[in-house]
2 protein chains.
Amino acid sequence: MSTIKAETSEAVTVADRVFGSLCDAIVKGEIAAGSKISEPELAKRFDVSRASLREAIGRLEACNLVSRRPNVGARVVELSLDELLEIYRVREALEGMAARLAAEQMSENELDELESLLEDEQQFDPNDINHDFHYAIVQGGKNRRLAHLLCDDLYHLMRMYRYQLGRDSGRASTASKEHGLILDALRDRDGEMAELLMRRHIRKSRQHIEQMIENSAE
Amino acid sequence: MSTIKAETSEAVTVADRVFGSLCDAIVKGEIAAGSKISEPELAKRFDVSRASLREAIGRLEACNLVSRRPNVGARVVELSLDELLEIYRVREALEGMAARLAAEQMSENELDELESLLEDEQQFDPNDINHDFHYAIVQGGKNRRLAHLLCDDLYHLMRMYRYQLGRDSGRASTASKEHGLILDALRDRDGEMAELLMRRHIRKSRQHIEQMIENSAE
DNA sequence: GGAATTAAATATGTCGACAATTAAAGCAGA
DNA sequence: TCTGCTTTAATTGTCGACATATTTAATTCC
């Protein structure tokens with residue numbers, strides 16, 4: 001249905017292409033967080049009209065990468081740790097529900113794919129959402145509205161945090177074990193357990209970040 | 001922070017005003033669900049340029065009231081009962097979390113206001129979100145991202161369903177009791193209980209709708 | 001008479017220019 | 001030198017027109 005077409009490849013319109021480029025640049029920090037989005041400047045850089053550029057900026061606002069003020073302009077969002085913690089609360093709620101639904105909805109085939117995904121979790125680029133454990137479960141829940149919120153409204157923002165604050169290290173092997181437990185619950189068709197484990201999993205990631213904040217503030 | 005400025009009152013720009021008018025017209029069904037959004041026609045009706053109109057349409061897409069296809073145009077979303085049930089799943093997850101956070105974050109003052117809200121729940125216009133129990137709790141959670149998703153991305157869509165499918169009847173008094181229990185949990189600062197009760201409350205609403213579907217299909 | 005193809009008409013995407021608003025520069029006074 | 005106002009410059013919002021894609025209508029062929 002929807003879900004992630006930021007890449008410039010399948011862009012059919014000029015605004016699509018500009019959106020993809022700007023989205024990438026913002027997520028990777030090439031356009032600094034908090035910096036102003038100058039319409040004349042970017043229109044010249046991309047060699048497009050301001051109309052197309054404004055269309056792209058509108059979509060950036062829709063996926064929470066920039067914020068606009070009337071008659072003033074758009075700025076790239078600031079990344080604060082408080083905001084990141086807020087996002088983790090939302091993820092805990094939404095992905096927990098997704099796991100519950102996935103336990104009921106995922107086919108045996110999808111579960112097999114999820115398992116193979118888990119096995120070579122280190123091999124692939126962890127930034128590629130198509131090979132991502134969480135993404136597969138969200139899709140497996142078969143709730144388009146839920147998937148839309150996570151994969152369109154929050155995805156790019158989460159990617160931006162991962163790029164600029166760095167991937168939370170030290171939890172990789174622990175997280176992998178937790179993924180395994182979630183998969184077991186899905187195979188058992190135990191929605192309640194799947195939700196519980198997914199929520200605990202995301203909550204631990206959030207607490208891991210909170211600890212890092214405290215340590216750096218000591 | 002953000003949250004609901006659909007009304008045309010505080011519109012500072014032409015696109016703001018058009019967005020507000022279109023949003024209202026779509027929510028109330030004056031522009032039929034599934035119908036096409038003709039840019040030339042609406043530009044003439046509102047006496048604005050197509051640029052401003054397209055800006056407004058873009059925002060309608062952002063709050064899920066219309067869907068666009070490149071080179072084809074925008075259509076008002078179709079209201080399906082499956083979609084409505086999907087929304088209830090999302091609400092269960094998000095508002096459950098909001099209730100948990102509200103139990104920790106709401107001030108005594110806010111709790112008092114919530115209580116007075118509950119007492120005269122019938123007196124005010126139930127469509128006015130400012131006097132809405134759920135809205136108060138979402139705001140009380142003090143999580144801007146969570147509030148944004150519910151109050152900007154889903155609010156207008158939920159309002160559209162309520163207008164066009166009619167308010168779910170027969171559950172008013174039961175729902176009011178459930179609200180009371182939630183308030184008690186908030187006063188006890190029992191986040192776990194508040195979340196549990198809120199989720200059960202929303203789940204019951206969903207099941208109420210599912211029953212109505214079955215009955216009408218018999 | 002119906003299906004496929006072609007041509008006209010309409011709608012969307014894109015552009016450059018003007019108007020209105022905001023931010024910046026310059027100036028006056030203390 | 002700093003504060004406050006005025007003037008200037010730049011940016012955003014809005015408009016009308018053109019280019020391109022799609023839908024509708026007409027035509028041709030079977």
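We use all heavy atoms of the structure for the numbers below, so side chains are in, but hydrogens, waters and symmetry mates are not. Letters go in sequence order (proteins before strands), and every chain restarts at 1.
B/Ser35 and B/Arg75 form no side-chain donor-acceptor contact under 3.5 Å, judged by distance and modelled atom types alone.
Distance A/Glu39 CD to D/dT11 P: 10 Å, rounded to the nearest Å. Rounded to whole Å, atom P of D/dT12 lies 13 Å from atom CD of B/Glu55. One interatomic measurement links the two molecules: CZ of B/Arg54 to P of D/dG13, which rounds to 16 Å at whole-angstrom precision. If you take CZ of B/Arg50 and C1' of D/dA19, they are 12 Å apart, rounded to a whole angstrom. The separation between B/Glu41 atom CD and C/dT12 atom C1' is 15 Å, rounded to whole Å. Going from atom CZ of A/Arg68 over to atom P of D/dT12 covers 9 Å, rounded to whole Å. Regarding B/Lys44, its NZ atom lies at a distance of 14 Å from the P atom of D/dG16, rounded to whole Å. Taking atom CZ of residue B/Phe46 and atom P of nucleotide D/dC15, one finds them 13 Å apart after rounding to whole Å.
Taking every side-chain heavy atom of A/Ser49 into account, C/dC15 is the closest of D/dG13, C/dT12, C/dC15. Of the listed nucleotides (C/dC15, D/dT14, D/dC15), C/dC15 has the atom at the smallest distance from the side chain of A/Val48. Distance from the side chain of A/Arg69 is smallest for C/dA23 among the nucleotides C/dC15, C/dA23, D/dT14. For B/Asn71, the side-chain atoms get nearest to D/dA21 when compared with the rest of C/dT14, D/dT11, D/dA21. When distances are taken from the side chain of B/Lys36 to each of C/dA11, C/dC15, D/dT14, the shortest belongs to C/dA11. Of the candidates C/dC15, C/dA11, D/dC15, C/dA11 carries the atom nearest the B/Ser38 side chain, counting heavy atoms from C-beta on. Nearest to the side chain of B/Val72, among C/dC15, D/dT14, D/dT23, sits D/dT23.
Nucleic acid contact for B/Ile57: none, since no nucleic acid atom lies under 4.0 Å from a heavy atom of the residue. Using a 4.0 Å heavy-atom distance criterion, A/Ile37 is classed as a sugar-phosphate-only contact.
To the nearest 0.5 Å, atom CG of residue B/Asn64 and atom NE2 of residue B/His156 are 10.5 Å apart.
Judged by distance alone, the side chain of B/Ser52 and the main-chain N or O of B/Val48 form no donor-acceptor pair under 3.5 Å. A donor-acceptor pair under 3.5 Å links the side-chain atoms of B/Glu86 to the main chain of A/Arg145, judged by distance alone. With hydrogens and angles ignored, the 3.5 Å screen pairs a side-chain donor or acceptor of A/Glu110 with a backbone N or O of A/Ser107.
Nearest-nucleotide positions on DNA chain D place A/Gly73 closer to the 5' end than the other of A/Gly73 and B/Asp47.
Put simply, A/Ser52 has no side-chain N or O that comes within less than 4.0 Å of OP1 or OP2 on C/dG13. A close approach under 4.0 Å does occur between a side-chain nitrogen or oxygen of A/Thr13 and OP1 or OP2 of C/dT14.
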